[in-house]
2 protein chains.
Amino acid sequence: MTENPSRRERVRQQTIKEIKERSFELLDAGGVTDVSIASVGKAMGMSPPALYRYFPSREALLEALVVDAYADLGSTTAAAARTEPPLDAPARIARIAQAWRRWALTHPRRYAMLFSDRSATAQDTPEGVAGVNQGMLQLLAALQEIAEPTPHTTTPLDESLVRWGQAIGAPPGMSPLALRLGVLCWSRLHGLVSLEISGAFAAMGLDAAQLAATEMQTVIDTARHACPTH
Amino acid sequence: MTENPSRRERVRQQTIKEIKERSFELLDAGGVTDVSIASVGKAMGMSPPALYRYFPSREALLEALVVDAYADLGSTTAAAARTEPPLDAPARIARIAQAWRRWALTHPRRYAMLFSDRSATAQDTPEGVAGVNQGMLQLLAALQEIAEPTPHTTTPLDESLVRWGQAIGAPPGMSPLALRLGVLCWSRLHGLVSLEISGAFAAMGLDAAQLAATEMQTVIDTARHACPTH
DNA sequence: CACTAAAGTTAATGGTCGTAACGAAAACTA
DNA sequence: TAGTTTTCGTTACGACCATTAACTTTAGTG
C-alpha cells in the first residue's frame, strides 16, 4: 500500500502514453494508414504482439488517439478564449476560430482522422464529443453575449437547438440564435478548414486565411443582426 | 478494318467498366478500405493479379473511381440547374445545393472518398476538378444574375477570385461577389454535408436539411445585399 | 525464498498488395 | 491455312499486415 496507483500501474500507464506518442508521430508523418501495430512496435523496440497487452486491437488504439486528439483540439480552442485580460466577445470568437484552424493546419493528419477518415464508419464516443465541446461552450458563451434577443416565435429547429445546448452543458437561457450560429460557425469553419487541408484553395489560387477571416466576421455580424460586410 | 475501336479494345473497355462497377458496389457497401484488388477480383470471378492488366495498382484504380465520381457529382449538380422551363436564379441555386447534398447522402462513401479519405494525401487530378466544376459553373452563373454590381475597390482576394474564374472557364465579366459567394457556398455546403454524413447532426438531434436550407438562403440573401433572415 | 500474475517473446494463420513465370486464346501475318 | 505475336488469364511467390496461441521472462507478493 505504497500508493493507490501501484508502481506496476504507473509503469503501465507510462507505456500506454509512449504507445500513443509514437503512434501520433507516425500519424503526423504519414497519415492514419501508417499507424500499424507493427510500425508502432518497431518504433518503441517492442515486438508487435506485445501491444495487445495494452490495446485489444488496432482499431481500439486508433480510437484512443481520436479521443486524445479531440481533447487536445477542444482544450486548445477553449484556452484561446480565456485570455488575461479578457477580450470582448467578437475578439474571442475570432480567436476561437483561429485556434481551431491553426490546430487543424498544425496537425492536418489528426484533423483528417477526426473528421474524415472515420466518416460514417464509427460514430464518436461520448468522451470525444465532450472533449471538443470545451471549445464549443466558449464559442456559445461569446455568441450569447452579442446575440440580440429574438422575439421570434420558436421554430422546431430552435427547439432542437435548445435541447442540444442543454445536453452539452451550456448555461440555461441560451438564445436560439446564438446556438444556431454556434453550429453554423462550426460547420462553416469545418468546411473551410477541411478544404484548405485538402489543398483545394491552394489549387484555386485563393488565400484560405482571408476566406476564413471574412467568414467569421460574417458570423459575428449576423449575431448582431447587422448586414455582413460585402 | 471493321471499326476504329477494334473488337479487342471494345471488350477491354467493357472489362474496365465492369471492374469499376464492382468496385463502386464494394465502395458503397463498406467504404474505400473494402475496395481491394482481391475483393474486386473475387466479385468478378477473376484471380486478383488479372486486374493488374487493367490498372497498374490499387491506387490507380481508386483514382479512376475518384475521377468518375467527380464527373457524376458535377454532372448531377449541373443538370439540376438546367430545367425546362428554366427557373429563376434563386431557385436554381437552391436546386444545385440540394442536388449536391442529395448526391452526397445517396453515395456517402463516394463523397467521403472524394473529400475526406484522400485529404492531404494525393491532390486532385485536372480531370476530377473539371468534372466537379460543371456544377460550380452553373452555380456561378446563377449567382452572377442576382449579384448586385459592387463599386468596391478590388481587394487581393477579389483579384485571385477573378483569376480562378477565368481558369475554370467562367464567362468574362464575372462579379467578384458572385465568385466569392460561389466559393463560400461550396465551402459551407461541404461543411454541412460532411458533418451530416459523419452523423454529427443526428447525434446532436438537429435537422440537417433545415440547416442546409437556411444556410443556402443566407447565400442568396447575401448576393442580393439583403440581410440574412434570422 | 516460492508463488502468481503481468509483460514480453517467438511461431503460426490468414489476409492484403504486388511481381514473376507461365499457359491459353485471340489476332495478326505471310 | 499455318505460324507468330500480343493479350489475357492463371498459379506461385515474397513482403507486409492484424491477430491468436503457446511459451518465457520479469516483477511484485506472501
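Residue numbering restarts at 1 for every chain, and letters A, B, ... go by the order of the sequence lines.
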Quiz item: Taking atom C1' of C:dA5 as reference, at what distance in whole Å does atom CZ of A:Arg12 sit?
Solution: 12 Å
Quiz item: Taking the six-membered ring for Trp, is the centroid-to-centroid distance between A:Trp103 and A:His107 below 6.0 Å?
Solution: yes
Self-check item: Presence of A:Tyr54 side-chain N/O under 4.0 Å of C:dG8 phosphate oxygens OP1/OP2
Solution: yes
Quiz item: When the nearest nucleotide of DNA chain D is assigned to B:Gly45 and to A:Lys42 on a heavy-atom basis, which residue is associated with the more 5' position?
Solution: B:Gly45
Quiz prompt | N or O in side chain of A:Ser47 less than 4.0 angstrom from C:dG8 OP1/OP2 | solution = no
Exercise. Rounded off to whole Å, could you give me the CD1-to-C1' distance for the A:Ile37 and C:dG8 pair?
Key: 15 Å
Quiz item: Between atom CD1 in A:Ile16 and atom P in C:dA7, what is the gap in whole Å?
Solution: 9 Å
Donor-acceptor contacts under 3.5 Å from residues 44-55 of chain B side chains, at least two apart:
none

Quiz item: Mind checking whether A:Phe115 and A:Trp100 have parallel, tilted or perpendicular rings, split at 30° and 60°?
Solution: tilted
Exercise. Starting from C1' on C:dT19, measure out to CG on B:Leu51 and report it in whole angstrom.
Key: 15 Å
Quiz item: What integer distance in Å separates B:Tyr52:OH from C:dC17:C1'?
Solution: 4 Å
Quiz item: What is the nucleic acid contact for A:Ser57, judged by heavy atoms within less than 4.0 Å: base, sugar-phosphate only, or nothing?
Solution: sugar-phosphate
Quiz item: Quick one: A:Arg53 CZ to C:dT10 C1', roughly how many Å, whole number?
Solution: 13 Å
Self-check item: Salt bridge present between B:Arg180 and B:Asp158 (N-O < 4.0 angstrom)
Solution: no
Quiz item: How are the rings of B:Trp186 and A:Phe201 set relative to one another: parallel (under 30°), tilted (30 to 60°) or perpendicular (over 60°)?
Solution: perpendicular
Quiz item: Between C:dG18, C:dC22, C:dT9, which nucleotide gets closest to the side-chain atoms of A:Ala50?
Solution: C:dT9
Practice problem: Take atom CD of A:Gln14 and atom C1' of C:dG8, then tell me their distance rounded to the nearest Å. | Solution: 17 Å
Quiz prompt | Leading and trailing nucleotides of DNA chain D with any atom under 4.0 Å from heavy atoms of chain B | solution = D:dT6 to D:dA12
Practice problem: Indicate, with a heavy-atom threshold strictly under 4.0 Å, whether B:Pro49 touches base, sugar-phosphate, or nothing. | Solution: base
Exercise. Among B:Glu215, B:Gln98, B:Met216, find the residue that satisfies the side chain to side chain contact (heavy atoms under 4.5 Å, CB included) test when tested with B:Leu189.
Key: B:Met216
Quiz item: To the nearest angstrom, how far is A:Met44 atom CE from C:dG8 atom C1'?
Solution: 12 Å
Quiz item: Using 4.0 Å as the upper bound for N to carboxylate O, is an ion pair formed by B:Asp68 and B:Lys20?
Solution: yes
Quiz item: Looking across every strand, which nucleic acid part, if any, lies under 4.0 Å from B:Ala38 by heavy atom: base, sugar-phosphate, or nothing?
Solution: sugar-phosphate
